[in-house]
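A short worksheet on the structure shown next.
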Amino acid sequence: MTEDQFSESRSLSQAAGVAVAYGLPWREAVRAVTVSPARIWGLGDQVGDIAVGREASFVIWSTLDPLEIGSAPRRMMIRGKWVDLTANRQNQLRDRYADPAARLTR
């Protein structure tokens with residue numbers, strides 16, 4: 001962990017996109033956030049790319065290029081099961097505190 005602006009995993013695709021803007025080939029940037037970490041952690045035979053016999057975990061992005069800053073996850077499958085992207089802590093808190101009158105009835 002560093003104090004660098006890209007030390008958080010939420011910014012990982014953005015960091016890869018910045019690397020592309022500075023000359024890293026796009027294919028290498030995608031590998032840097034998929035296949036390469038899987039191999040580094042010794043999981044290259046299970047995750048990191050899509051292949052028969054691998055764990056079915058992947059993301060469908062809102063644009064063709066997941067490294068674009070405006071691209072966002074639209075669908076996500078982890079270990080073969082679709083994940084509800086609306087059921088996250090931020091949305092739960094938003095819904096809980098959005099209507100002050102509703103708080104009185106909880």
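Not measured: the values here are computed from a predicted model. The chain is numbered in sequence order, starting from 1.
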To the closest 0.5 Å, what do you measure between [atom1] ([X]) and [atom2] ([Y])?
X     : Y     : atom1 : atom2 : result
Ser57 : Gln46 : OG    : CD    : 10.5 Å
Ser62 : Arg74 : OG    : CZ    : 4.5 Å
Arg89 : Arg96 : CZ    : CZ    : 7.0 Å
Glu68 : Trp61 : CD    : CH2   : 11.5 Å
Arg39 : Asp45 : CZ    : CG    : 10.5 Å
Asn88 : Arg94 : CG    : CZ    : 8.0 Å

Do [X] and [Y] come close enough that some side-chain heavy atom pair is under 4.5 Å?
X     : Y     : result
Pro73 : Leu85 : yes
Asp49 : Arg54 : yes
Arg75 : Val59 : no
Leu67 : Val30 : yes
Ser13 : Pro66 : no

Closest contact, heavy atoms only, Gly48 versus Ala38
CA-CB, 3.8 Å
Of all the heavy-atom pairs spanning Val20 and Ala29, show the shortest one and how long it is.
CG2-CB, 3.4 Å
Would Ile78 and Trp82 show up in the same hydrophobic cluster when neighbours are defined by side-chain heavy atoms closer than 4.5 Å?
no
Between Asp65 and Thr63, does a side chain to side chain donor-acceptor pair (under 3.5 Å) hold up when you go through it step by step?
CA-CA 5 Å; Asp65 186 353; Thr63 66; over 6 Å; no
Residue Leu64 excluded, over 12 heavy atoms near CG under 6.0 Å
no
Decide if atom CG of Leu43 counts as having more than 12 heavy atoms of other residues, nucleotides or ligands within a radius under 6.0 Å.
yes
Candidate pair Glu55 and Met77, rule side chain to side chain contact (heavy atoms under 4.5 Å, CB included), full reasoning
CA-CA 10 Å; Glu55 189 175 285; Met77 179 179 280; over 6 Å; no
